[in-house]
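Reviewing the structure listed below.
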Amino acid sequence: MAQHDYIIANQSGAAFRSDLNNGLAAIVSQNSGAAQPSTTYAYQWWADTATGLLKIRNAANNAWITIGTLADANLGLLSLAGGTLTGALLLDDSGTVSEPALAFDGDANTGIWRSAADTLNVATNGVENAEFGTSEVVFNDGGADIDFRIEGDTKANLFKVDAGTDKVIIDGLTYPSADGTADQALVTNGSGVLSFASRSRLARATALASTSGTSIDFTGIPSWVKRITVMLLAVSTDGTSGVQIQLGDSGGVETTGYSTSGTAISGTNTCGISTFTSGFVMLGSLVGASRSGAIVFTNIATNYWVGIGNIDEPGGAQAGCTQGFKELSATLDRIRLTTINGTDAFDAGLVNIIYEG
């Protein structure tokens, strides 16, 4: 270890030689010592033996700049060929989309930079393609028409957003680029293209007891309904009038304008066919007759409804059928079970409906 002020004074030959040798020793030892040299110069080296660091004086000769660690190979610095970095690597804050802070040799406009605090940006060809913020990740923020794709081991388009068509492809299935209408569902064409279409729905109302009153109503039927099945279980009345089903809309139950017919069968005899305009009539005239069966109504076009069904009266050994059609004034939203004369009251049984769309 040696340090020197690098000033050779006029002196005797032996003293001159000793002073010169001390200066040379300081040079070859990088001015090594536990304390800094007492006399310093701009760009002067100092091997700081107290900290084990190699330092150089700055241009203003007012501070030391650490170069590296004396005891480590390559002064502990990464070589041009690469190596292991054990500390933080801080990039230049002034990087831009056209000149990223971390870029590539021969491709200086491709890399990463920081556009704002806590934000990491990725650019290719001078265009921003991704931005990673504290609360979201934005792809294609630069505005270019670029697809986003995730590939699997065996699938080229495991997940893809096609920027040209605004469509999403997942595992080979192409999803529509816009939403459908209310109550629609996704359907496939069998070739991997999905679209929205009206879905088939089935619902059952709450069964109502037919034990009182002259009519039983089911209201609030959704507008998407295209088929209704009315089910009767041991329904009877206190009179001899036949029962009928009437349809209605927001204006109320319609009691006229039906074009229907009904037939009653007793044993081997057909009791003839009767036509009606007041509803879908199920014939039978025995007091206390227990009626069970179902009538199906189907929306054939706009507000046209066709109906057909069969009712059994085991107590009176009779069966009845009804069929016909009715055009409503508006969209169907209610259905009623009542009697032909409108005065006989129900006294037993259950009634329910199932509706489909």
Side-chain angles (χ1 to χ4, degrees), residues 180-187 196-237 242-255 258 260 262 276 278-284 289-315 318-340 342 344-357:
T181 58
D183 295 318
Q184 285 191 319
L186 282 175
V187 297
F196 286 102
S198 297
R199 63 188 178 96
S200 176
R201 288 166 288 184
L202 176 67
R204 184 177 65 183
T206 301
L208 300 178
S210 53
T211 56
S212 63
T214 59
S215 64
I216 300 168
D217 290 352
F218 291 90
T219 59
I221 298 173
S223 60
W224 49 260
V225 171
K226 301 301 179 185
R227 178 177 295 177
I228 303 171
T229 302
V230 181
M231 301 164 290
L232 281 66
L233 176 62
V235 173
S236 66
T237 69
V243 297
Q244 65 180 348
I245 294 176
Q246 296 171 329
L247 311 180
D249 49 43
S250 58
V253 173
E254 298 191 8
T255 60
Y258 293 81
T260 68
F276 302 92
S278 62
F280 292 83
V281 175
M282 291 152 283
L283 295 174
S290 176
R291 301 170 178 88
S292 298
I295 302 91
V296 178
F297 298 92
T298 303
N299 179 218
I300 190 169
T302 315
N303 295 319
Y304 281 96
W305 290 82
V306 296
I308 185 169
N310 296 285
I311 296 295
D312 179 37
E313 296 183 6
Q318 293 188 30
C321 61
T322 184
Q323 54 277 319
F325 75 89
K326 173 71 169 89
E327 181 187 11
L328 291 172
S329 302
T331 303
L332 181 146
D333 70 351
R334 65 196 67 196
I335 196 164
R336 169 178 290 174
L337 176 67
T338 186
T339 58
I340 297 175
D344 289 354
F346 293 98
D347 57 15
L350 287 174
V351 184
N352 205 352
I353 65 171
I354 290 178
Y355 48 87
E356 307 168 63

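Computed from a predicted structure; not experimentally measured.
- In this structure, Val225 and Trp305 approach most closely via the heavy-atom pair O-CH2, 3.7 Å.
- In terms of heavy-atom proximity, Thr339 sits nearest to Gln244 at O-NE2, 3.5 Å.
- Side-chain contact between Met231 and Leu350 is absent, with no heavy atoms from C-beta onward closer than 4.5 Å.
- The main-chain N or O of Ile308 is never found under 3.5 Å from a side-chain atom of Thr322 such that the two would form a donor-acceptor pair.
- Side chain of Tyr258 to backbone of Gln246: no donor-acceptor contact under 3.5 angstrom is found.
- Separating the CG atom in Asn299 from the OG atom in Ser223 is a distance of 11.0 Å, to the nearest 0.5 Å.
- Counting only N and O atoms by type, the side chains of Glu254 and Ser329 include a donor and acceptor under 3.5 Å apart.
- Between the side chains of Asp333 and Ser250, no donor-acceptor pair of N or O atoms lies under 3.5 Å.
- Aromatic rings from Phe280 and Phe297 are positioned such that their centres are separated by under 6.0 Å.
- When all heavy atoms are compared, the tightest approach of Cys321 to Asn310 is CB-OD1, 3.3 Å.
- Rounding to the nearest 0.5 Å places CD1 of Ile335 at 12.0 Å from CD1 of Ile216.
- In summary, of the residues considered (Ile295, Thr229, Thr206, Ile221), a side chain to side chain contact (heavy atoms under 4.5 Å, CB included) with Ile353 occurs for Ile221 alone.
- Atom CD1 of residue Ile245 and atom NZ of residue Lys326 lie 15.0 Å apart, to the nearest 0.5 angstrom.
- Listed by first and then second residue, the salt bridge (charged side-chain N to carboxylate O under 4.0 Å, His left out) pairs involving residues 208-234 are Asp217-Arg336 (not counting sequence neighbours).
- For the pair Tyr355 and Ile228, the tightest heavy-atom approach, listed with the atom from each and the gap, is CB-CG1, 4.1 Å.
- Remark: the backbone N or O of Gly349 is paired with a side-chain donor or acceptor of Ser210 at under 3.5 angstrom.
- With hydrogens and angles disregarded, no donor-acceptor distance shorter than 3.5 Å links the side chain of Ser292 to the backbone of Asp312.
- The minimum heavy-atom distance linking Arg291 with Val243 is given by the pair CD-CG2, 3.7 Å.
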### Task
Show your working on side-chain contact (heavy atoms from CB on, under 4.5 Å) between Leu337 and Val230 and close with a plain yes or no.
CA-CA 9 Å; Leu337 176 67; Val230 181; 5.7 Å; no
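- Between the side chain of Asn303 and the main chain of Leu332, no donor-acceptor pair closer than 3.5 Å is present.
- Around CG of Leu186, the count of heavy atoms belonging to other residues, nucleotides or ligands within 6.0 Å exceeds 12.
- Of all non-hydrogen atoms in Leu232 and Ile311, the two that sit nearest each other are CD2-CD1, 4.3 Å.
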